[in-house]
Amino acid sequence: MSKADRTPESIEALRKRLDSIDATLVTLAAERQRIVSEIGRSKQSEGRQLRDFRREREVLDHVRARALSEGLDPELAEDLLKRLIEASLTRQEQERGRLSGRGSGRRALVIGAAGRLGRWLSAFLDNQGFDLLLADPSYALDGENRFRDWRDAPKHVDLVVLATPIAVTAELLEALAAAGHPGLVIDVASIKSPLIGPLRRATAAGLSVCSVHPMFGPSTQLLSGRHVLFMDVGCPAAVDQAEALFSETMAELKRIDIEQHDRLIAWVLGLSHALNIAFFSALAESGVPAEELASLSSTTFDRQLAIARDVASESPELYFEIQRLNEHGAVSREALSSALKTLTERLAQDDEAGFRRLMLQGRDYLEKL
Ligand SMILES: C=C(O[C@@H]1C=C(C(=O)O)C=C[C@H]1O)C(=O)O
């Protein structure tokens with residue numbers, strides 16, 4: 001029978017076949033995840049690291065080769081597998097945290113628990129088996145383990161997490177030191193200079209404190225490739241204990257000098273936030289609706305827009321603190337306006353060579369990554 005003689009299947013019939021293939025794909029992905037969990041448990045009992053880059057390369061090479069022999073775009077096969085591997089790592093990381101039982105029999109009080117980072121940290125500690133006490137002035141009522149005022153929470157806690165605005169964090173450190181709190185205390189503020197004094201005073205008063213800065217947003221699931229900064233404020237044992245909270249994750253734990261924190265963060269957080277705030281402000285004031293621009297967007301614009309949307313959805317209070325309370329913030333914002341000025345001048349002067357130098361300088365700088 002020639003091709004032309006065959007009655008083509010209806011779209012409905014073809015879609016039914018696709019539905020069945022999609023269901024099989026999902027079933028297989030679920031099966032893959034169950035095997036991944038088993039591998040995770042074996043690695044745990046053998047004391048092996050979760051992430052295995054060599055094995056991941058092997059997996060990706062296999063599927064690329066298979067895609068080629070099936071006439072499928074190898075990029076598609078690789079993308080699919082990369083997403084599945086990310087899901088495996090997230091699952092193994094969370095299961096390892098749970099299996100560690102690090103928090104079992106221990107009580108943690110999260111102050112500022114209703115904030116976005118507070119909620120993330122609460123879920124993170126809950127996964128490790130901590131008995132959680134949550135405090136936040138925004139709660140409508142006190143509940144079994146929820147308190148509007150942290151002072152109403154049971155006193156004996158092994159860990160206190162301060163996920164609070166800077167000014168409140170400084171007061172809490174003082175109050176905890178005055179109360180002679182015996183357990184570990186960590187703050188997770190994004191700016192440290194205003195806290196250096198309060199942190200050191202709290203340590204001198206006998207509090208076991210470590211300053212921590214998780215370098216990721218509250219929507220983060222997988223910590224592989226993410227950084228968590230730890231700063232010693234006079235109590236090295238507290239740094240070890242704080243690091244231990246993340247030891248089952250794949251996050252990169254980095255110790256830095258608290259005196260250097262804000263200077264570096266002014267570039268890492270300060271500049272990237274400022275750039276995006278400037279970007280969406282320029283767009284918002286352009287008079288052209290976002291939908292119109294998005295309807296003809298380029299790949300670069302799409303990616304930039306996605307970052308700008310994330311930034312715009314963050315807490316204005318927190319982002320104000322990050323810009324305003326960083327005493328080095330002005331330096332990076334100044335560098336940004338000066339860079340924009342240089343760009344504008346070179347264009348006004350029709351200075352193509354100067355423009356080119358800007359591009360090459362950027363390429364050079366970023367190449368070392
Ligand atoms: C499943 C494993 O753990 C991780 C996940 C992988 C995967 O999903 O294929 C591969 C390597 C590891 O980083 C493994 O080690 O095999």
Side-chain angles (χ1 to χ4, degrees), residues 18-104 117 120-130 212-230 240 242-255 268 303 306-307 310 368-369:
L18 280 188
D19 284 345
S20 138
I21 290 173
D22 294 345
T24 308
L25 280 175
V26 172
T27 305
L28 291 176
E31 193 178 328
R32 191 179 200 284
Q33 285 279 67
R34 281 190 290 274
I35 298 173
V36 156
S37 290
E38 238 177 273
I39 296 182
R41 284 192 293 274
S42 298
K43 285 185 193 165
Q44 169 109 333
S45 59
E46 289 172 22
R48 275 166 67 166
Q49 281 201 335
L50 283 185
R51 188 143 198 190
D52 183 338
F53 289 100
R54 195 184 310 161
R55 169 65 187 158
E56 285 177 28
R57 190 63 264 159
E58 207 173 86
V59 171
L60 297 176
D61 288 347
H62 278 158
V63 295
R64 284 188 79 95
R66 174 74 183 226
L68 278 171
S69 72
E70 296 277 357
L72 181 73
D73 178 2
E75 290 297 315
L76 170 58
E78 179 160 349
D79 282 355
L80 272 173
L81 258 293
K82 276 188 176 158
R83 183 64 195 91
L84 287 172
I85 291 173
E86 189 186 321
S88 318
L89 296 170
T90 306
R91 185 167 174 132
Q92 289 185 341
E93 189 171 62
Q94 284 169 0
E95 286 176 348
R96 179 169 281 204
R98 206 158 38 243
L99 283 171
S100 78
R102 175 171 300 283
S104 87
L117 186 54
W120 188 95
L121 287 158
S122 304
F124 178 68
L125 295 172
D126 185 44
N127 185 52
Q128 295 184 26
F130 276 93
V212 179
H213 189 177
M215 300 296 290
F216 46 82
S219 55
T220 302
Q221 281 197 309
L222 174 62
L223 294 191
S224 181
R226 306 270 62 90
H227 298 121
V228 189
L229 311 181
F230 295 84
D240 294 339
E243 281 188 342
L245 295 171
F246 288 86
S247 61
E248 272 80 32
T249 73
M250 287 174 262
E252 283 179 42
L253 313 186
K254 253 189 112 117
R255 290 189 185 202
V268 178
R303 282 189 291 172
I307 305 174
D310 281 350
K368 296 177 190 99
L369 285 181

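Whatever order the structure lists them in is the order used to number ligands and atoms, beginning at 1. As the structure is a computational prediction, the values presented were derived from the model and not from experiment.
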Counting each atom of ligand 1 from 1 as listed, which ones have a heavy atom of [X] under 4.0 Å away?
{"X": "E56", "answer": "10 (C), 11 (C), 12 (C), 13 (O)"}
{"X": "S88", "answer": "5 (C), 7 (C), 8 (O)"}
{"X": "R32", "answer": "7 (C), 8 (O), 9 (O)"}
{"X": "Q92", "answer": "1 (C), 2 (C), 3 (O), 4 (C)"}

- Item | Aromatic plane relationship, F246 with F230 - under 30° parallel, 30 to 60° tilted, over 60° perpendicular | perpendicular

Note the single closest protein heavy atom to [atom], along with its residue, its atom name and the distance in Å.
{"atom": "atom 16 (O) of ligand 1", "result": "I39 CD1, 3.7 Å"}
{"atom": "atom 3 (O) of ligand 1", "result": "K43 NZ, 2.9 Å"}
{"atom": "atom 12 (C) of ligand 1", "result": "D52 N, 3.6 Å"}

- Min heavy-atom dist L84 to ligand 1 below 4.0 Å: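 The answer is no: ligand 1 sits nowhere under 4.0 Å from a heavy atom of L84.
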
- Message: Quick check on Q49: does its CD atom have over 12 non-hydrogen neighbours (other residues, nucleotides or ligands) under 6.0 Å away?
- Response: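 At most 12 heavy atoms, drawn from other residues, nucleotides or ligands, come within 6.0 Å of this atom.
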
- Query: Would one find more than 12 heavy atoms of other residues, nucleotides or ligands at under 6.0 Å from atom CZ of R48?
  - Reply: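 Atom CZ in R48 is not packed in, count stays at 12 or less.
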
- May I ask you to say whether E31 pairs ionically with R34, meaning some side-chain N is under 4.0 Å from a carboxylate O? no

- Item | Sidechain N-carboxylate O distance under 4.0 Å for D61, R57 |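 Answer for the salt bridge query: yes.
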
- Item | Donor-acceptor pair between S37 and E95 side chains, under 3.5 angstrom | yes

- Query: Does the side chain of R102 come under 3.5 Å of the side chain of S247 through a donor N or O and an acceptor N or O?
  - Reply: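 Side chains of R102 and S247: pair found under 3.5 Å.
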
- Message: Checking contacts here: is it the side chain or the backbone of L89 that comes within 4.0 Å of ligand 1, counting heavy atoms only? Could be both or neither.
- Response: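 For L89, the contact with ligand 1 is made by the side chain alone.
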
